[in-house]
Enquirer: 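Please find one structure pasted underneath; my questions will follow.
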Amino acid sequence: MSRVFSGIQPTGNLHLGNYLGAIRNWVRMQDSHDCVFCVVDLHAITVAQDPKALRAGIREMTAALIASGLDPDRCVLFNQSAVRVHAELAWILMCTARMGWLGRMTQFKEKSGKDREGASVGLFTYPVLQAADILAYKATHVPVGEDQKQHLELARDIALKFNTDTGTELFPLPEPVIEGPATRVMSLRDGSAKMSKSDPSDAARINLTDSADAIAQKIKRAKTDPEPLPSDRAGLAGRPEAANLVGLMAALSGQSVEAVLAEWGGQGFGAFKPALADAMVAALAPITARFNALKDDHATLDAILARGAEKARAIAEPVLIEAQRAVGFRD
Ligand code: AMP
Ligand code: TRP
C-alpha cells in the first residue's frame, strides 16, 4: 500500500519555487498513487495572520492548486482545520517527540530569529503537527521541496518512537520525494536565498499570477554575473545565480541541466534571459488563466473543500482511533 500526503500554507501567492519544487510532483503522482493534499491553515497561524486575509488565502490556494492541475476527483483536497484529527493526533505525538529534536529544527531557528522567547509555542511544535498530518493518513510518500527534508526526518523519528513505545507497527515510516531539476529555487535577487512567499521584494519571486510582462521584467532584472554561460555543470560552481536560472530553464523546458548548457554554453545572459522568460510564460499562462477563472467562484471552491474534508476524515478518523488505543485511551 502506498499513499501520498503533502501540504502547503495558505499564506501569500503560489510561486515558481512551490510549483517546480513540489506542486508539479503532486500533479504527477495523482496518476499513480492514492493522494491526499492539504491546505495547512493550522500551520499558518504559528505566525501572526490577519483573519480576513487567511480566510481568503485558503480559497485562493485551493484555486491555485486546482489551476496547477490537481483534480479533486482524483485526489483528496481539503483544508487542515476542517479535519480535527490533525490537532488531536498532534497532541499525542507532542508527547512522543523530544524537546531536543525540535530544538535542532533549522526552520524554527530561521523563523524565530533573534526573538526566540517571543515566538509562539506553535511555531516550535510546528514539525510535530506536520508529522501528525502525514501519519494520520499512514502516508508512505511525501513530495516536498528540499527545505522540508529535516521535517520529514523528524516525522520518521516520531513514527518510529511511537511504534517502539507502544509496541505496535501503527505508522509506516514516510519517505520524502524530492525530485526534479528545481527542488530548491532561489531568489531572483540573491542566489543564496530561497525563493519565498515571505520575501519583502516581489521582484525576488515569480508568482503564478504574474502577467507575461511582469515575468519578462523580473527575469530581465534578475541578478546574474558578467560571465557567459558555461558549457558544463562544473562551470556553474560558485555561480549561484547562473545555476538557478539554468535549473529553471531545465525544469520549465523538460530538459536536463546538461542539455540546457550544451545549447547555451558560451552565450550571454542577454540572449538567455528572453528565452527563459518565454519558457516561463508558456508554462504559467494556462495556470494563470485557470486560476483567474476559478478564484472568485467561492461556492465551487467551498464545495470542493467540504467534499475533500469528508474523504479525509474517512481515512484519518480510524487511524486516530488506533493511536488512541495504542496509548491506552480506549479498548
Ligand atoms: P510553503 O510555501 O513553505 O508552504 O511550501 C510549500 C511547498 O513548496 C513545500 O513542499 C516546499 O518545500 C516547497 N517550496 C517552497 N519554496 C520552495 C523553493 N524556493 N524551491 C523549491 N521548493 C519550494
Ligand atoms: N511545512 C510544510 C511547508 O512549509 C507544509 C506542510 C505542512 C507539509 N504539513 C505537511 C508538507 C505535511 C508535507 C507534509 O512547506
Side-chain angles (χ1 to χ4, degrees), residues 3-27 29 35-47 57-58 60-61 64-65 68 70 76 78-81 83 85-87 89-90 93 105-108 110-111 122-123 125-156 158-159 174-199 204-208 240 243-244 247-248 251 312 316:
R3 177 175 282 130
V4 167
F5 183 96
S6 198
I8 184 163
Q9 299 199 46
T11 45
N13 287 326
L14 201 61
H15 59 70
L16 194 62
N18 298 135
Y19 180 65
L20 297 177
I23 313 300
R24 249 184 9 171
N25 287 335
W26 301 9
V27 171
M29 292 177 101
C35 287
V36 182
F37 298 119
C38 185
V39 175
V40 293
D41 47 11
L42 298 178
H43 279 106
I45 64 164
T46 56
V47 297
I58 294 167
E60 264 170 39
M61 184 54 71
L65 293 174
S68 301
L70 289 192
V76 177
F78 70 107
N79 63 307
Q80 196 183 22
S81 63
V83 178
V85 171
H86 294 254
L89 184 60
L93 298 180
M105 294 293 114
T106 55
Q107 184 176 294
F108 174 73
E110 273 166 32
K111 286 199 181 176
L123 190 66
T125 58
Y126 177 116
V128 184
L129 177 60
Q130 181 164 349
D133 295 341
I134 298 165
L135 300 179
Y137 301 87
K138 297 192 178 182
T140 51
H141 295 84
V142 185
V144 285
E146 181 72 37
D147 61 346
Q148 293 301 310
K149 210 172 166 181
Q150 197 186 32
H151 286 168
L152 264 290
E153 278 159 17
L154 184 87
R156 290 172 65 90
I158 292 175
E175 297 277 350
V177 179
I178 301 173
E179 272 175 15
T183 55
R184 186 169 170 83
V185 176
M186 307 310 281
S187 155
L188 298 177
R189 310 297 303 162
D190 173 2
S192 66
K194 74 170 179 176
M195 185 177 285
S196 143
K197 286 169 183 164
S198 53
D199 196 311
R205 75 186 148 253
I206 302 286
N207 303 302
L208 260 61
N244 190 40
L248 288 176

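Residue numbers start at 1 and run along the sequence shown. Start at 1 and go down the list; that is how both ligands and their atoms are numbered. This one's a predicted model, so the numbers in the text were calculated from it and none came from an experiment.
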Enquirer: Using a plain distance cutoff, I'd like to know if S6 has any nitrogen or oxygen under 3.5 Å from a nitrogen or oxygen of ligand 1.
Expert: no

Enquirer: Between D133 and ligand 2, is there a nitrogen or oxygen pair with a distance under 3.5 Å?
Expert: yes

Enquirer: Go through ligand 1 atom by atom and flag the ones less than 4.0 Å from a non-hydrogen atom of T183.
Expert: 20 (N), 21 (C), 22 (N)

Enquirer: In terms of relative ring orientation, are F5 and Y137 parallel, tilted or perpendicular, with 30° and 60° separating the classes?
Expert: parallel

Enquirer: Can you measure from CG (L248) to CE (M195) and round to the nearest 0.5 angstrom?
Expert: 6.5 Å

Enquirer: When only distance counts, is G145 in polar contact with ligand 1, meaning an N/O pair under 3.5 Å?
Expert: yes

Enquirer: Under 4.0 Å from any heavy atom of K197, which atoms of ligand 1 are there?
Expert: 1 (P), 2 (O), 4 (O)

Enquirer: Would you kindly specify which portion of L20 sits under 4.0 Å from ligand 1, judged on non-hydrogen atoms: side chain, backbone, both or neither?
Expert: neither

Enquirer: Below a 4.0 angstrom heavy-atom separation, can you tell me which part of L152, side chain or backbone, both or neither, approaches ligand 2?
Expert: neither

Enquirer: What's the shortest distance from atom 11 (C) of ligand 1 to any protein heavy atom, and which residue and atom give it?
Expert: D147 OD1, 3.3 Å

Enquirer: Would Q9 count as being in polar contact with ligand 1, using the rule that some N or O on each side must be under 3.5 angstrom apart?
Expert: yes

Enquirer: Could you find the nearest protein heavy atom to atom 8 (O) of ligand 1 and give me its residue, atom name and distance?
Expert: N18 ND2, 3.1 Å

Enquirer: Pull out every atom of ligand 2 sitting under 4.0 Å from any heavy atom of Q9, numbered as shown with elements.
Expert: 4 (O)

Enquirer: Tell me: protein heavy atom nearest atom 16 (N) of ligand 1, and distance?
Expert: H15 CE1, 3.6 Å

Enquirer: Where's the contact between M186 and ligand 1, heavy-atom distance under 4.0 Å: side chain, backbone, both or neither?
Expert: neither

Enquirer: Out of Q148, H151, Q130, who gets a non-hydrogen atom closest to atom 3 (C) of ligand 2?
Expert: Q148

Enquirer: From T125 OG1 over to M105 CE, what is the distance, rounded to the nearest 0.5 angstrom?
Expert: 12.5 Å

Enquirer: Using a strict cut-off of 4.0 Å, indicate which atoms of ligand 1 neighbour a heavy atom of Q148.
Expert: 12 (O)

Enquirer: Which residue supplies the protein heavy atom nearest to atom 20 (N) of ligand 1, what is that atom called, and how far is it?
Expert: V185 N, 2.8 Å

Enquirer: With atom 1 (N) of ligand 2 as the reference point, say which of Y126, Y137, F37, F5 has the nearest heavy atom.
Expert: Y126

Enquirer: Give the residue, atom name and distance (to 0.1 Å) of the protein heavy atom nearest atom 22 (N) of ligand 1.
Expert: G17 O, 3.2 Å

Enquirer: With a 4.0 Å heavy-atom cut-off (strictly under), which part of V144 contacts ligand 2: side chain, backbone, both or neither?
Expert: side chain

Enquirer: Enumerate the atoms of ligand 1 whose separation from the nearest heavy atom of R184 is less than 4.0 angstrom.
Expert: 20 (N), 21 (C)

Enquirer: Counting each atom of ligand 1 from 1 as listed, which ones have a heavy atom of A22 under 4.0 Å away?
Expert: 7 (C), 8 (O), 10 (O)

Enquirer: Considering all heavy atoms of both residues, which atom of L135 and which atom of L89 are nearest to each other, and what is their separation?
Expert: C-CD2, 4.2 Å

Enquirer: Quick one: CG on L129 to CD1 on I134, what's the gap to the nearest 0.5 Å?
Expert: 10.0 Å

Enquirer: Is any side-chain heavy atom of Q150 closer than 4.5 Å to a side-chain heavy atom of Q107?
Expert: no

Enquirer: N/O to N/O below 3.5 Å, does that happen between M195 and ligand 1?
Expert: yes

Enquirer: Roughly how far apart are H86 NE2 and N79 CG, rounded to 0.5 Å?
Expert: 9.5 Å

Enquirer: Working note: L42 + D133, criterion side-chain contact (heavy atoms from CB on, under 4.5 Å); need CA distance, chi angles, decisive distance, verdict.
Expert: CA-CA 10 Å; L42 298 178; D133 295 341; 5.9 Å; no

Enquirer: Within a distance under 4.0 Å of any heavy atom of G21, pick out the atoms of ligand 1 and give their elements.
Expert: 21 (C), 22 (N)

Enquirer: Nearest 0.5 angstrom please: N207 CG to L14 CG, how far?
Expert: 9.0 Å

Enquirer: Less than 3.5 Å between some nitrogen or oxygen of V144 and one of ligand 1, yes or no?
Expert: no

Enquirer: Between Q107 and ligand 2, does any nitrogen or oxygen pair lie at a separation below 3.5 Å?
Expert: no

